[in-house]
Structures are given as C-alpha cells and as structure tokens.
**Student:** 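Shown below is the structure under consideration.
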Amino acid sequence: MEDRRQDSARQAALDYHEFPRPGKLEIRATKPMANGRDLARAYSPGVAEACLEIKADPATAARYTTKGNLVAVISNGTAVLGLGNIGALASKPVMEGKAVLFKKFANIDCFDIEVNEPDPVKLAEIVCALEPTFGAVNLEDIKAPDCFIVEQICRERMNIPVFHDDQHGTAIVVGAAATNALRIAGKRFEDIKIVSTGGGAAGIACLNMLLKLGVKRENVWLCDIHGLVHEGRDIDMNPQKAAYAQASDKRSLTEVIDGADLFLGLSGPGVLTPEMVGHMAPRPIIFALANPNPEIDPDAARAVAPDAIIATGRSDFPNQVNNVLCFPFIFRGALDVGATTINDEMKIACIEGIAALARATTAAEAAAAYRGETLTFGADYLIPKPFDPRLMGVVSSAVARAAMETGVATRPLDDMAAYKQKLDGSVFRSALIMRPVFEAAATATRRIVFAEGEDERVLRAANAMLEETTDVPILIGRPDVIATRAERAGLPIRPDVDFEIVNPENDPRYRDYWETYHGIMARRGVSPDIARAIMRTNTTAIGAVMVHRAEADSLICGTFGQYSWHLQYVRQILARDGLHPVGALSMIILEDGPLFIADTQCHNDPTPQQVMETVMGAARHVRRFGLTPKIALCSHSQFGNTDSYSGRKMRDALALLDAREPDFMYDGEMHVDAALDPELRERIFPTSRLQGVANVLVFAGTDAASGVRNALKMRAGGLEVGPILMGMGNRAHIVTPSITTRGLLNMSVLAGTPVTHYG
C-alpha cells in the first residue's frame with residue numbers, strides 16, 4: 001500500500017512538471033505587439049531611445065527595462081536539496097521552482113541559470129559578468145565551502161544584492177523562530193547555550209545570525225559528523241567552522257548537549273536521541289531541520305520533554321522553517337529601493353518583521369489555506385505561514401527602510417506608508433481600488449450589523465474592522481458559539497467586550513423586535529405568533545429590524561442561503577421612504593483594472609425603467625471608487641441591428657436615460673465586445689457617445705449579468721467586490737456564500753460610508 005502511494009505521488013509530481021506543457025515557467029510580453037507602430041517602439045528604431053538614455057545614465061535601466069524587478073537564480077547543482085551533487089542540468093527543476101516562488105509571493109521576475117562550473121572562483125566570475133542583466137542574484141544549492149567563496153567574490157565585485165539563500169534565508173527564518181521561541185520559553189539570546197549539528201553553509205550562517213541577535217560566542221557548541229569542532233582539530237575543517245572551535249576536551253554531541261537551551265540541527269535523521277533531549281535545559285527548544293527526516297521525531301522529543309518547543313523543515317509538523325518566508329520579501333524590498341547589497345541590518349529587519357507577524361492575529365487568507373491547523377501564537381505557531389498575505393507589506397517595507405537607513409539604497413522612497421500600501425495592494429487586489437472608500441468611511445463611525453455573526457469569516461471581518469476602521473461591528477448569534485469560534489480562530493476579540501451581540505435565543509430586546517416586525521407586517525399576513533417565531537430564528541430579519549429602529553446603520557447578510565430569500569426581508573422591512581432595491585452591482589477586479597457588472601441579482605427580467613435605475617445607481621457607486629463611469633447597455637442586439645426582446649428593452653431604457661440627461665457617459669444597446677473594444681465600436685457605430693473602454697456593463701437580465709460575473713471570477717481570475725445593493729441608501733447589502741473575509745471587510749466599509757459621500 002505504501003509503495004503504491006509513493007508511486008502515485010511520484011507520478012503526480014512528474015505529471016505536474018510535464019503537463020500541459022513542460023516546465024514551470026514562461027516569458028510573457030508586458031507591452032502590446034499588435035501592429036507596426038508597436039514593433040517600431042519595441043524594437044528598431046524606437047528601442048534606440050531607451051538605449052541612449054541608459055548609456056547617459058545607467059540608473060535609468062530600472063525605468064526602461066526589467067532589470068529593477070529581475071533576479072537571477074544561479075546554481076551549479078553541487079548541493080541540491082537532499083539530493084547532493086546531481087549536476088547543473090538535474091538541478092533545473094529546483095531552480096525553476098525557486099523562480100516560480102519569487103513570482104508567486106513577491107511578483108519578482110526570474111531567470112533560472114544552471115552553470116556547469118564546479119570551480120567556485122570561475123563560477124563567481126561567470127556570475128559577476130551577468131551584473132548588467134539583473135537587479136539581484138540569488139545563489140542556490142552550491143556546496144560548502146565553495147558557496148562561501150562564490151558569495152564573497154560576488155559581493156565584493158558586484159554592485160547589486162547577492163544573496164545565498166541556503167545560508168542567509170535559512171538563518172533569517174531560524175532567527176525569527178528563535179526570537180519567538182525564546183519569548184515563549186522566557187529566555188534571552190545572551191543567556192542561552194546552543195548546540196548545533198552540521199557545519200555546512202546553512203548551519204554556519206544560522207550561528208552567525210544568532211550571534212548578531214545576542215548569543216555569546218562561548219555559548220555555541222558546533223558538532224559535525226566527526227564530533228565537536230574544537231581547537232586543534234584538523235580533520236574536515238575550514239575557516240568558517242574554525243570560528244566556532246571550542247577549547248574543550250569534550251568530543252561528542254552526547255557530551256556537550258547537557259544543559260543546552262537550543263538544539264539547532266541541520267544535519268541528518270536520528271542525530272539527536274530522546275536520551276539527549278532529557279539532558280537539555282528545562283523548556284528546551286529543538287530545531288530539527290534536516291529534510292526529509294529531522295534529527296529527532298517531534299513526538300519522540302515530546303515524550304521526554306512535553307514542554308519542548310519544536311520546529312522542523314517539514315510541512316506536516318508545526319513550525320516549518322521554510323525559506324519562502326524570507327527570500328521573496330527581502331528581495332522585494334531590496335529591489336524597490338535599488339539596494340547595492342543585502343546587509344545585516346536588512347536581514348535583522350526581515351527577522352523582526354517575520355517574528356512580529358506571527359505574534360499578530362492570523363490573516364484570514366492564511367487560515368483558509370491551512371484550514372484545521374491552529375494558527376495562534378504559541379509553541380506550535382512560532383512563525384507565520386508562507387501564504388500569509390501580510391508578509392509582503394510587513395517584511396519588504398521593513399527591509400526597504402533598513403536599506404535606506406544604512407545608506408545602501410540608490411532609489412530611496414519618499415513615503416514609506418504609501419509604499420506599504422502599494423505592497424498590500426499588490427497582494428490584496430482590492431486594496432488600491434478600495435482606498436477612496438476606506439478614506440470616506442473614516443469620516444464617520446457607523447454601526448454595521450452582521451446577520452450571520454457565528455460565521456468565522458464574519459468574526460475575522462469584525463476583528464479587521466476594529467483594527468482598520470472606525471466602524472462598530474454588531475454580531476447576531478449565540479454568545480457562547482461566537483466566543484468559542486473566535487478563540488479557536490486565534491482572534492483576540494470577545495463578545496460584549498469588543499463588539500455588541502444580539503442573541504436570538506435570549507435578548508432583552510426580543511419583545512421590542514417582534515412587535516416592531518409585526519407592526520410593519522400585520523397587514524401582510526404576519527400574525528404575532530409568526531412575528532415571534534421570525535424574531536427567534538431569522539437573523540436577516542432581526543438585523544433589518546435593528547436598522548429600521550436606528551439601532552444599526554447598515555445590515556450585511558447572505559454568507560449562506562439564497563440572495564432572493566434575504567432580499568425579501570430587506571424589502572419587507574427597509575424598503576420605505578422612497579428606498580427600494582434597484583439592482584446588484586458587482587465590481588470584478590481583473591488584471592488590467594476593475595469592471596462593474598449589473599444587475600446580477602435583483603430583477604430577473606427588469607423593465608426598461610428598472611434598467612434605467614440600475615444605470616443611474618451604477619454611475620453613483622462607480623464614483624465612490626474615484627472612477628469615471630462609462631456605461632454600456634449590453635444586449636444580443638447592437639445599435640438596432642436586431643429586433644430582439646432584450647434589444648427593445650435596452651433601447652427603451654436608453655430613451656428613459658436620455659430624458660434625464662445624466663452627467664456621465666453611456667450608450668447602447670451593444671455587444672460586450674463592442675463595449676470593451678473602442679476600435680471595434682468605432683467601425684460599427686462611429687457616432688457612439690461612449691468614449692474609450694466601458695467600465696460598467698449593464699445587462700437586460702440577471703442570467704446574462706450573473707453568467708458574465710461568474711465567468712470572469714472563475715476563468716479570468718477576477719476578484720469580486722460586492723454585490724452592492726443599490727437603491728437602499730446603504731442600509732443593507734446582501735453578499736453571496738462565496739464571499740471571503742476580505743470581501744466582507746470591503747462590504748463593511750462600503751456600508752460604513754455615509755450616503756452623503758456618493759449622492
């Protein structure tokens with residue numbers, strides 16, 4: 001059975017690399033290449049202008065080429081993962097994978113370069129000759145001590161960052177994990193005894209970094225396959241090991257492990273025995289980082305020391321020491337300020353950022369990616385997970401600041417806060433477009449009631465509201481359930497302390513609520529008994545009644561159930577005083593910007609009047625995002641060429657709009673491709689009043705609108721903000737079950753924006 005499982009995993013890994021096309025990388029053009037004009041600009045003669053600018057000022061290469069965002073991942077394949085010296089060609093899948101991680105986690109472009117050169121000096125010369133091409137170099141999988149030689153030569157001769165990730169990436173993540181482990185154990189760097197196994201590049205770099213963090217040199221005991229590194233030893237020695245030689249007559253790991261506070265293993269399986277763990281100091285810290293099998297199994301270590309704090313290099317145990325927590329983000333910060341090197345201050349800034357992030361509330365995105373794991377700061381959560389989207393903003397900005405403060409930045413930033421916002425915006429794609437809405441919402445404090453207050457996404461959104469906005473969350477749900485789920489999610493918020501709770505099972509306002517609902521619905525067939533039952537069980541109705549009674553300013557509901565079911569209660573209770581649901585507007589954030597789609601939910605077959613109201617509402621809401629509305633009325637018919645039902649409807653809606661003389665661009669009826677392609681529209685209908693690319697598509701029915709919305713989300717990688725319920729004066733918004741925590745936060749901010757800000 002185990003053999004079959006391993007064969008299946010092996011084949012799956014090979015298929016991943018082979019299909020649908022070999023390898024893990026491709027090159028994509030970032031500029032259009034559609035006609036002769038594009039060709040003349042991209043190549044001869046236009047390219048000469050960029051060449052001459054760079055010749056006059058080499059720093060402009062970062063403006064006119066990819067150099068400022070391009071990293072070389074270089075290896076000679078002499079120490080690949082746990083595979084050893086497999087050669088440059090066989091190392092290529094690893095280097096491609098490293099390039100993919102750069103792109104995925106920090107949007108850094110990479111070329112992987114595998115070099116058939118075992119001589120470290122010659123390899124360094126090759127790397128140095130590549131400096132004009134790249135903004136930085138990541139050395140990878142070069143055996144020790146050759147890696148020290150290559151890096152030293154390159155750092156001395158090159159004026160761009162050179163970073164051997166096997167050394168420094170591991171050291172940085174170990175430094176962050178150790179920082180938090182000592183905090184939990186109640187110990188200090190300057191007081192601890194460290195015993196380390198493995199005198200290779202990673203092991204030496206980790207020890208060097210721990211010294212910079214405060215560990216005393218005399219408290220470090222380094223062992224390798226030959227035993228303790230001691231003064232006078234001449235077997236398998238090099239200057240890097242010799243720096244940690246102890247003046248001692250002890251010779252084995254067993255002899256030196258007594259009283260050790262931290263075991264740092266970068267060697268092989270079985271090196272640390274349970275008996276040795278029993279001789280370590282109280283509350284021992286064990287970093288067993290050998291891959292794929294650690295120096296000691298964590299369960300075996302805990303059998304001897306139940307309070308041990310343990311990290312490994314494996315993803316199936318807590319506290320995986322993974323370099324991906326470091327290298328994408330330290331390079332991102334270094335590249336963005338044009339750093340000439342990566343110095344100790346930048347590395348320590350990286351350590352501090354990673355460690356601090358683990359102590360903060362876990363990101364909802366990380367919790368979703370690692371569902372079922374406990375992600376609360378403690379012995380089993382020393383460092384954040386690689387998919388924590390906050391790493392970019394926190395770590396890269398800290399690195400960039402350190403580079404500027406130490407004088408190695410050639411392109412210093414004027415506004416660090418704006419830079420961090422930009423980084424966050426590249427991860428949270430809605431951040432940039434939502435900024436005007438967040439700013440408007442900050443001008444007032446509004447109470448937002450969530451109908452599904454027991455949902456973990458809602459709890460995380462409420463926590464984010466308290467951290468990032470001035471709005472006040474109100475949650476409908478059972479207090480004990482909410483408290484338990486918040487604690488399980490590692491959230492610091494607690495019911496009736498950080499936010500108000502409405503308990504449907506037992507709330508002193510119950511009589512007031514059902515009487516209010518009955519007063520609204522008494523002549524629509526709702527008896528007092530029905531009103532009582534609804535106010536015990538229907539959280540959407542409860543939230544709407546709260547808004548009606550001015551106990552909340554806006555309702556958010558819909559994390560489960562049908563949109564239409566929630567809408568009926570919003571209509572019943574809140575559609576009065578001229579307010580009525582006009583339509584649902586979804587903003588889909590695509591690679592080239594936002595596209596708004598309406599009406600995706602409210603009117604299955606809207607009348608021309610309802611289409612007109614949808615267009616007017618969409619224009620108002622688009623302006624909330626600081627955008628100029630350009631609205632296309634979409635249909636199977638195009639500018640009257642088909643006498644279809646939808647075509648007639650949209651032409652009638654157009655006439656109603658014309659009578660109102662609105663102050664924004666709109667036109668129709670037209671196909672979607674004509675709406676999004678101005679050149680096509682110009683050929684078909686040269687006199688169209690719509691200029692440029694439409695950013696709002698209004699459809700003749702929800703089938704078309706919802707279909708386009710879902711296709712853009714699922715196949716084009718679109719990120720939805722919404723649906724925004726138009727026409728209700730911001731008193732209610734109904735989301736969909738697929739919404740994320742970030743989506744709920746965005747909706748809460750939209751709900752928290754006073755109506756006066758957008759008409």
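Heavy-atom basis, side chains included; hydrogens, waters and symmetry copies ignored.
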**Student:** May I ask you to decide if Glu452's main-chain N or O and Thr559's side chain share a donor-acceptor pair within less than 3.5 Å?
**Tutor:**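 Here the side-chain-to-backbone pair does not exist.
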**Student:** Roughly how far apart are Leu745 CG and Met465 CE, rounded to 0.5 Å?
**Tutor:**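 The CG atom of Leu745 sits 8.0 Å away from the CE atom of Met465.
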**Student:** What are the two closest non-hydrogen atoms of Ala288 and Pro294, and how far apart are they?
**Tutor:** O-CB, 3.4 Å
**Student:** I want to check something: taking the side chain as every heavy atom from C-beta on, are Val622 and Phe664 in contact at a cut-off of under 4.5 Å?
**Tutor:** no
**Student:** Between the side chain of Arg314 and the main-chain N/O of Val321, is any donor-acceptor distance below 3.5 Å?
**Tutor:**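 Answer holds: no.
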**Student:** Are Asp455 and Arg485 ion-paired here, with the side-chain N under 4.0 Å from a carboxylate O?
**Tutor:**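 No, no charged N to carboxylate O under 4.0 Å.
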**Student:** For atom NZ of Lys422, is the number of surrounding heavy atoms from other residues, nucleotides or ligands below 6.0 Å larger than 12?
**Tutor:**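 It does not: Lys422 NZ has 12 such atoms or fewer within range.
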**Student:** Just checking, is any N or O donor in the side chain of Asp599 or Thr614 under 3.5 Å from an acceptor N or O on the other one?
**Tutor:**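 Thr614 and Asp599 do not have a side-chain donor-acceptor pair below 3.5 Å.
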**Student:** CD of Glu487: more than 12 outside heavy atoms within 6.0 angstrom?
**Tutor:**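 No, the 6.0 Å shell around CD holds no more than 12 heavy atoms from other groups.
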**Student:** Mark yes when over 12 heavy atoms from residues, nucleotides or ligands other than Arg494 sit less than 6.0 Å from its CZ; otherwise mark no.
**Tutor:** yes
**Student:** Would you call Gln572 and Tyr517 a side-chain contact if the rule is heavy atoms closer than 4.5 Å?
**Tutor:** yes
**Student:** So Cys602 and Leu725, do their side chains get closer than 4.5 Å, heavy atoms only?
**Tutor:** yes
**Student:** For Ser397 and Val394, indicate whether the former's side chain and the latter's backbone hold a donor-acceptor pair under 3.5 Å.
**Tutor:** yes
**Student:** Looking at CE of Met535 and CG of Asp512, how far apart are the two atoms once the value is rounded to the nearest 0.5 Å?
**Tutor:**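 So the gap between those two atoms works out to 12.0 Å.
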**Student:** Surrounding CZ of Arg524 (heavy atoms of other residues, nucleotides or ligands, distance under 6.0 Å), is the total greater than 12?
**Tutor:** yes
**Student:** Please lay out, stage by stage, how Ile588 and Leu719 fare under the test side chain to side chain contact (heavy atoms under 4.5 Å, CB included).
**Tutor:** CA-CA 5 Å; Ile588 309 297; Leu719 178 70; over 6 Å; no
**Student:** Just by distance, do the side chain of Arg731 and the backbone of Val547 share a donor-acceptor pair under 3.5 Å?
**Tutor:**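 Yes; at least one donor-acceptor contact below 3.5 Å.
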**Student:** How many angstroms lie between CG in Asn503 and CD1 in Ile482, if you round to the nearest 0.5 Å?
**Tutor:**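 Here the rounded value is 8.0 Å.
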**Student:** Work out which heavy atom in Gly453 is nearest to a heavy atom in Leu475; give both atom names and the distance.
**Tutor:** O-CD2, 3.5 Å
**Student:** side-chain hydrogen bond (donor to acceptor under 3.5 Å, both in side chains), that's the test. Do Tyr513 and Glu551 meet it? Break it down for me.
**Tutor:** CA-CA 11 Å; Tyr513 285 4; Glu551 295 176 10; 2.4 Å; yes
**Student:** Heavy atoms only: give me the nearest Ile597-Ala705 pair and the separation to one decimal.
**Tutor:** CG2-O, 3.4 Å
**Student:** Enter the distance from Thr540:OG1 to Phe560:CZ here, rounded to the nearest 0.5 Å.
**Tutor:** 7.0 Å
**Student:** Stepwise, does the side chain to side chain contact (heavy atoms under 4.5 Å, CB included) test hold for Val502 with Ile474?
**Tutor:** CA-CA 7 Å; Val502 178; Ile474 304 170; 4.1 Å; yes
**Student:** Could you pull out the closest heavy-atom pair between Val696 and Leu595, with the gap in Å?
**Tutor:**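 Shortest heavy-atom contact: N-CD1, 4.4 Å.
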**Student:** Are Val611 and Pro606 packed together at the side-chain level, in the sense that at least one heavy-atom pair is separated by less than 4.5 angstrom?
**Tutor:** yes
**Student:** Atom CG of Leu656 and atom CE of Met616: how far apart are they, to the nearest 0.5 Å?
**Tutor:** 11.0 Å
**Student:** For Arg457 and Ile739, indicate whether the former's side chain and the latter's backbone hold a donor-acceptor pair under 3.5 Å.
**Tutor:** yes
**Student:** What orientation do Phe625 and Phe596 show, parallel under 30°, tilted 30 to 60°, or perpendicular over 60°?
**Tutor:** tilted
**Student:** When you look at Arg549 and Thr516, which way does the side-chain hydrogen bond (donor to acceptor under 3.5 Å, both in side chains) test go after all the steps?
**Tutor:** CA-CA 8 Å; Arg549 290 170 55 86; Thr516 298; 3.0 Å; yes
**Student:** Set out, in order, the CA-CA distance, both residues' side-chain angles and the distance that settles side chain to side chain contact (heavy atoms under 4.5 Å, CB included) for Val545 and Trp514, then state yes or no.
**Tutor:** CA-CA 9 Å; Val545 165; Trp514 77 254; over 6 Å; no
**Student:** Salt bridge between Arg447 and Asp553, side-chain N to carboxylate O under 4.0 Å?
**Tutor:**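 The answer is yes: the pair qualifies as a salt bridge.
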**Student:** Verify, without hydrogens or angle tests, whether Arg576 (side chain) and Ile573 (backbone) share a donor-acceptor contact under 3.5 angstrom.
**Tutor:**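 Judged by distance alone, yes, a pair lies under 3.5 Å.
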**Student:** Decide if atom CD of Gln562 counts as having more than 12 heavy atoms of other residues, nucleotides or ligands within a radius under 6.0 Å.
**Tutor:**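 It does not: Gln562 CD has 12 such atoms or fewer within range.
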**Student:** Regarding Ser586 and Glu720, is there a side-chain donor-to-acceptor distance under 3.5 Å anywhere?
**Tutor:** yes
**Student:** Report the C-alpha separation of Val721 and Met434 in whole Å, then their side-chain angles, then the decisive distance to 0.1 Å, and conclude whether the side chain to side chain contact (heavy atoms under 4.5 Å, CB included) test is met.
**Tutor:** CA-CA 9 Å; Val721 174; Met434 285 294 298; 4.0 Å; yes
**Student:** Is it the case that the side chain of Lys649 and the backbone of Ala700 share a donor-acceptor pair, with hydrogens and angles ignored and the cut-off at 3.5 Å?
**Tutor:** yes
**Student:** Ignoring hydrogens and geometry, is there a side-chain-to-backbone donor-acceptor pair from Arg536 to Pro504 under 3.5 Å?
**Tutor:** yes
**Student:** Do you know the tightest heavy-atom contact between Ala575 and Pro581?
**Tutor:** CB-CD, 4.4 Å
**Student:** Would you please test Asp507 and Arg509 for salt bridge (Lys or Arg N to Asp or Glu O under 4.0 Å) and show each step?
**Tutor:** CA-CA 5 Å; Asp507 193 282; Arg509 295 162 291 188; 2.9 Å; yes
**Student:** Under a 4.0 Å N-O cut-off, is there an ion pair linking Glu515 with Arg511?
**Tutor:** yes
**Student:** Ignoring hydrogens and geometry beyond distance, is a side-chain donor-acceptor pair present between Arg359 and Asn180 at under 3.5 Å?
**Tutor:**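 Present: a donor and an acceptor within the cut-off.
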**Student:** Using a strict threshold of under 4.0 Å (side-chain N to carboxylate O), is an ion pair present between Lys385 and Asp388?
**Tutor:** no
**Student:** At their closest point, which heavy atom of Ile493 faces which heavy atom of Ala486, and how far apart are they?
**Tutor:** O-CB, 3.8 Å
**Student:** Is there a donor-acceptor contact under 3.5 Å from the side chain of Asn319 to the main chain of Leu382?
**Tutor:**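 Between the backbone of Leu382 and the side chain of Asn319 there is a qualifying donor-acceptor contact (under 3.5 Å).
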**Student:** Is the shortest side-chain heavy-atom distance between Pro723 and Ile734 below 4.5 Å?
**Tutor:** no
**Student:** I'd like to know if Arg302 pairs up with Asp380 as an ion pair, taking the criterion as any Lys NZ or Arg NE/NH1/NH2 lying under 4.0 Å from an Asp or Glu carboxylate oxygen.
**Tutor:** yes
**Student:** Starting at CG of Leu633, measure out to CD1 of Ile631 and round the result to the nearest 0.5 Å.
**Tutor:**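 So the CG of Leu633 and the CD1 of Ile631 are separated by 8.0 Å.
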**Student:** Are the side chains of Phe438 and Asn746 in contact, using a 4.5 Å heavy-atom criterion?
**Tutor:** yes
**Student:** Return yes if some donor-acceptor pair links the side-chain N/O of Arg624 with the main-chain N/O of Leu750 below 3.5 Å, else return no.
**Tutor:** yes
**Student:** Evaluate the side-chain proximity of Arg742 to Arg460: yes if any heavy-atom separation is below 4.5 Å, no if none is.
**Tutor:** no
**Student:** Measure the shortest side-chain to side-chain distance between Arg571 and His580 over non-hydrogen atoms and say whether it is less than 4.5 angstrom.
**Tutor:**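 No, side chains not in contact.
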